[in-house]
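Contents: one structure, followed by commentary.
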Number of protein chains: 2
Amino acid sequence: MARKTGSHSEITGPLVRKAAQRLFARKGFAAVTMREIAAEVGVQAGALYLYTPDKQTLLFELMRTHMQEVLAAWEREPKGEGPLKRLEAFCRFHIRFHLERPDDVFIAYMELRSLTPENFAVIEKLRHEYEDHLEAILAAGQADGIFRIPDTRLATMAIIAMLTGVNTWFREGGRLSRERVERIYWNMVRRAVGA
Amino acid sequence: MARKTGSHSEITGPLVRKAAQRLFARKGFAAVTMREIAAEVGVQAGALYLYTPDKQTLLFELMRTHMQEVLAAWEREPKGEGPLKRLEAFCRFHIRFHLERPDDVFIAYMELRSLTPENFAVIEKLRHEYEDHLEAILAAGQADGIFRIPDTRLATMAIIAMLTGVNTWFREGGRLSRERVERIYWNMVRRAVGA
DNA sequence: TCAATAACTGAACGTCCGTTCACATCAAGG
DNA sequence: CCTTGATGTGAACGGACGTTCAGTTATTGA
């Protein structure tokens, strides 16, 4: 019997989430069956319902946890002083964090349409919160005359799209090291905002 | 009876492709049923098989046609002289063409994993062909000393990700006109490549 | 020792899936 | 006018789907 007050196994639960994460990222939410997830964990399909009320909630919790972890990690990140340092910190953080969690990132960007409207609204709000951190940096730099940006919202979207794109081609142990990729992207962003 | 030698209706066929395109873009390939597509067209599910051998081929042909149209349209595009003009032409073309076909673009970027390995290889090759057009421009500009790019392949991926990202937020009749968006993005790209 | 309970199985539920096919409809060609 | 062939219907196919649940097992606290 479990010691803790929380119900359900503390071993199988995380395994279910990890298996779902891998399979959702690889095949897409709609193409993954509960039986596949269960087989990956090593249990029967019925056992999954000890750890999630349904398939939709399994996806939603994965995405919500991921978005909250992004936000929390950015809070903890050392950012330096001034908009320029902060922008560099953001770019490097975004690339590094996303490369560490390719499956989560893939799901967060591809499976928005698989969420119910209520769940979508929650995730969308968290995503917007993250984008606002970048936009605030750009607006501060613009106000200081350090950046030359015609539209901070547009620049925010452009930079995030560019940085997130790393996940589509970067391979560990490939031609370019992560540090080198970070530096090159940071330089492109710095020049793009006119600094 | 049809005059032309080609089999099948020349009215319903395109309707099937359009309905599939809309639904695949909105809900994802795996989440769309043949019965849904048929209902959108106004026929029974069985009738779809007069126009496609199966669901997978329907997706594949949509993606192949789209990629071929992108390549053909870029061929026709007036490009101007020199790497700088050509890069501007590419950026403006990419944004404009993609905004004109949001459903096709969404499918082309999201449903790669829904393709069989053989079909995936075909689409991937066409996509690479398109990327190579941009990379050639960047390499030419780098050779001429007009651009300052540490890695042309990386810059290619970064620019395409950034430009394609417009589709995720741009809305016709919104705060920014398409022309203004084109100009701002082009300026960001120009500065990002050091020109 | 034994009742309690967490963890899980295996079968079943109603439904929906992609696809097939025998048959109906109907405009046009000879 | 009557055959032909394109165009479609509607029912059916076997299988897979998400989810439920009665029952089995194993481990624990008292």
Side-chain angles (χ1 to χ4, degrees), chain A residues 1-24 26-63 107 111 113-116 118-119, chain B residues 1-24 26-63 107 111 113-116 118-119:
Chain A
M1 197 192 298
R3 291 273 170 75
K4 300 278 195 84
T5 51
S7 62
H8 312 316
S9 164
E10 283 148 21
I11 297 172
T12 310
L15 285 182
V16 169
R17 287 188 283 277
K18 279 198 171 63
Q21 183 186 79
R22 279 188 29 162
L23 288 168
F24 287 165
R26 198 150 307 175
K27 311 182 55 180
F29 175 73
V32 172
T33 72
M34 294 302 270
R35 285 171 177 83
E36 277 182 280
I37 298 170
E40 193 96 344
V41 177
V43 297
Q44 294 297 316
L48 298 181
Y49 291 84
L50 292 166
Y51 305 98
T52 180
D54 49 42
K55 194 185 172 194
Q56 165 72 208
T57 304
L58 192 50
L59 172 66
F60 173 60
E61 288 301 332
L62 279 178
M63 294 179 70
I107 293 170
E111 300 297 350
R113 64 183 169 191
S114 300
L115 293 170
T116 62
E118 303 79 31
N119 290 343
Chain B
M1 196 192 298
R3 292 273 170 75
K4 300 277 194 86
T5 52
S7 61
H8 311 315
S9 163
E10 283 149 20
I11 298 171
T12 311
L15 285 182
V16 170
R17 288 189 282 278
K18 280 198 170 63
Q21 184 186 78
R22 277 189 30 163
L23 288 167
F24 288 166
R26 198 150 307 175
K27 309 181 57 179
F29 175 73
V32 173
T33 73
M34 295 300 269
R35 285 171 178 83
E36 276 183 280
I37 298 170
E40 193 96 345
V41 177
V43 297
Q44 294 296 317
L48 297 181
Y49 291 84
L50 291 167
Y51 305 98
T52 181
D54 48 43
K55 193 186 173 193
Q56 165 72 207
T57 304
L58 192 51
L59 173 66
F60 173 60
E61 289 300 332
L62 279 178
M63 293 178 72
I107 294 170
E111 299 297 349
R113 64 183 169 190
S114 300
L115 293 170
T116 61
E118 304 79 31
N119 289 344

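Note on naming: letters A, B, ... go to the chains in the order of the sequence lines (proteins, then strands), and numbering restarts at 1 for each one. What you see is a predicted model, and the numbers here were worked out from it, not measured in a lab.
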Length of the line joining A:Ile11:CD1 and D:dA26:P, which is rounded to integer Å: 16 Å

Any residue meeting side chain to side chain donor-acceptor pair (under 3.5 Å) with A:Lys18, in chain and number order, not counting sequence neighbours: none

Residue whose closest nucleotide on DNA chain C lies nearer the 5' end, B:Gln56 versus A:Gln44: A:Gln44

Under the side-chain contact (heavy atoms from CB on, under 4.5 Å) test, residues paired with A:Arg35 that sit two or more places apart: A:Thr33, A:Ala45

Which atoms of nucleotides 16-18 of chain C (N or O only) lie under 3.5 Å from a protein N or O atom, and what are those distances?
{"residue": "C:dG18", "atom": "OP1", "partner": "B:Val32", "partner atom": "O", "Å": "3.3"}
{"residue": "C:dG18", "atom": "OP1", "partner": "B:Lys55", "partner atom": "NZ", "Å": "3.1"}
{"residue": "C:dG18", "atom": "OP2", "partner": "B:Met34", "partner atom": "N", "Å": "2.9"}
{"residue": "C:dG18", "atom": "N7", "partner": "B:Arg35", "partner atom": "NH1", "Å": "2.9"}
{"residue": "C:dG18", "atom": "O6", "partner": "B:Arg35", "partner atom": "NH2", "Å": "3.0"}

Phosphate OP1/OP2 of C:dC8: any A:Thr12 side-chain N/O under 4.0 Å: yes

Sole candidate of B:Ile107, B:Leu59, B:Asn119 that passes side chain to side chain contact (heavy atoms under 4.5 Å, CB included) when paired with B:Ser114: B:Leu59

Presence of A:Tyr51 side-chain N/O under 4.0 Å of C:dA7 phosphate oxygens OP1/OP2: no

Nucleotide D:dC17, atom C1' - distance to CG of A:Leu48 in whole Å: 14 Å

Side-chain heavy atoms of B:Gln56 within contact of B:Leu115, under 4.5 Å: yes

Residues which pass side-chain contact (heavy atoms from CB on, under 4.5 Å) with A:Arg113, listed by chain and number, not counting sequence neighbours: B:Phe106, B:Met110, B:Glu111

Heavy-atom pair with the smallest gap, counting every atom of A:Val16 and A:Ile37: O-CG2, 4.2 Å

Option passing salt bridge (charged side-chain N to carboxylate O under 4.0 Å, His left out) with B:Glu36 (candidates B:Lys27, B:Lys55, B:Arg22): B:Lys27

Helix axis bend for the helix from C:dT1-D:dA30 to C:dG30-D:dC1 - C1'-based end axes, five pairs, 10° rounding: 0°

Atom pair distance, as rounded to whole Å: CD1 in A:Ile37 and P in D:dC17: 11 Å

Residues that A:Arg26 engages under salt bridge (charged side-chain N to carboxylate O under 4.0 Å, His left out), provided they are two or more places apart: none

